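Quick notes on the structure that follows.
Along the sequence shown, the residues carry numbers beginning at 1. In each ligand, atom 1 is the first atom listed, and ligand 1 is the first ligand listed. Fair warning: this is a prediction, and the values are worked out from it, not measured in the lab.
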Amino acid sequence: MPSPKAKSSGGRSSSSPGVGGNGRYEFMSLNRRPPQHLLQRQGSDPTSTRLRASESPTRRRGSGSSNASTSSTGGQLPEEDCMRLNPSIVGITLSSLLAMDLWLSKRLGVCACEDSSWGSMRPLMKLIEISGHGIPWLAGTAYCLYKSDSTAGQEVMLNLLMALVLDLILVGVVKAVVRRRRPAHNRMDMFATFSVDGYSFPSGHATRAAMCARFLLAHLVLAAPLRVLVLLWAVLVGFSRVLLGRHHVTDVAFGFGMGYCQYNLVEVLWMSPAILHGLIRQLA
Ligand SMILES: CC(C)=CCC/C(C)=C/COP(=O)(O)O
């Protein structure tokens, strides 16, 4: 919209800034050079002088040569100026996705408390939550390691223990860096949490579920129905996070991706029996 200031100068001749020959206001395209008569008028207009003074350093830096490059590229702005437009498009896309995420997560939080629409399912969801919690996994793996009498079994369990600790560290670091708050409808009544677990992104249960599912499928000889059950469990753990109102959908989606990738890291860092024997000898 033209500013009142521009309107007040409407009585000038048709060469006034932004006013076309037919007395109508003209809008300038961002990637075109304004007509010469507008540039000349801007030089004497204090408002436009202020605007130009507030231009970014990139724009100012490029202005000397951009005139040359503008004319040589047929009225196009230099590439650096065009790239300045992109963050706003990315920003708008991201905020739209974020708004959708908040809306969807709120709608799906149907077990967030007892009087929610699926509140009666809350105890079952909390059971699934415990099945993906760090403490039962750490304790169960340590117990299996202690009970295992084969070298292969010990190797697998020790590596799983290492994977679980790695997962806690990596999730803790990302949570501490991102510091996204949990959904407003979440009731923070989770069993055994660290301080970073006050944060939402990513879901530690989702990373653990994805990583452990991949680990179990790769290292345990399981019949087909059991393999399906392992996958189903991982998906259920992820879903339960949103249904309980603990997480946004994106926390769980990212958590699954992160857990999947963490397993690749575990494979790279895999401790072979030789390394393990060396470690045990050093500890003994
Ligand atoms: C105390 C130990 C050993 C682990 C904490 C596990 C925990 C509570 C993770 C939080 O998961 P979400 O990020 O999915 O809520």
Between [X] and ligand 1, find which residue part has any heavy-atom pair under 4.0 Å and reply side chain, backbone, both or neither.
{"X": "R246", "value": "neither"}
{"X": "M188", "value": "neither"}
{"X": "E129", "value": "neither"}
{"X": "D251", "value": "neither"}

Protein heavy atom at shortest distance from [atom]:
{"atom": "atom 1 (C) of ligand 1", "result": "A192 O, 3.6 Å"}
{"atom": "atom 15 (O) of ligand 1", "result": "R241 NH2, 2.7 Å"}
{"atom": "atom 3 (C) of ligand 1", "result": "I135 CG1, 3.7 Å"}
{"atom": "atom 10 (C) of ligand 1", "result": "D197 OD1, 3.4 Å"}
{"atom": "atom 12 (P) of ligand 1", "result": "H247 NE2, 3.1 Å"}
{"atom": "atom 13 (O) of ligand 1", "result": "K175 NZ, 2.5 Å"}
{"atom": "atom 4 (C) of ligand 1", "result": "L168 CD2, 3.8 Å"}
{"atom": "atom 11 (O) of ligand 1", "result": "H205 ND1, 2.9 Å"}

| task | Classify the angle between the aromatic ring planes of W270 and H219 as parallel (below 30°), tilted (30 to 60°) or perpendicular (above 60°). | result | parallel

| E114 bridged to R187 by N-O distance under 4.0 Å | yes

| request: Could you tell me whether D251 and R246 make a salt bridge, using a distance below 4.0 angstrom between a side-chain N and a carboxylate O? | output: no

| task | Would you mind reporting whether L168 and R208 have side-chain heavy atoms less than 4.5 Å apart? | result | yes

| request: Evaluate the side-chain contact (heavy atoms from CB on, under 4.5 Å) criterion for residues T207 and V174: first the C-alpha distance (whole Å), next the side-chain angles of each, then the deciding distance (0.1 Å), finally the verdict. | output: CA-CA 12 Å; T207 59; V174 179; over 6 Å; no

Indicate if [X] and [Y] have the same hydrophobic cluster label, given that clusters are the connected sets of ILVMFWY residues with side-chain heavy-atom separations under 4.5 angstrom.
{"X": "L161", "Y": "F194", "result": "yes"}
{"X": "V165", "Y": "M157", "result": "yes"}
{"X": "L98", "Y": "L104", "result": "no"}

| query | Is the number of heavy atoms from other residues, nucleotides or ligands under 6.0 Å of Y146 OH greater than 12? | reply | no

| field | Exceeds 12 heavy-atom contacts within 6.0 angstrom, atom NZ of K126 | value | yes

Against heavy atoms of [X], which atoms of ligand 1 measure under 4.0 Å?
{"X": "R182", "result": "12 (P), 13 (O), 15 (O)"}
{"X": "R208", "result": "6 (C), 9 (C)"}
{"X": "M190", "result": "8 (C), 15 (O)"}
{"X": "T193", "result": "8 (C)"}
{"X": "G204", "result": "11 (O), 12 (P), 13 (O), 14 (O)"}
{"X": "S203", "result": "13 (O), 14 (O)"}

| request: Say whether L138, considering both its backbone and side-chain N or O atoms, lies within less than 3.5 Å of an N or O atom on ligand 1. | output: no

| query | Which heavy-atom pair separates A218 from Y263 by the least distance, and what is that distance? | reply | CB-OH, 3.2 Å

| field | Residues forming a side-chain hydrogen bond (donor to acceptor under 3.5 Å, both in side chains) with S240, sequence neighbours excluded | value | none

| remark: Heavy-atom proximity to atom 2 (C) of ligand 1, picking from F191, F194, Y199, W137, points to F194

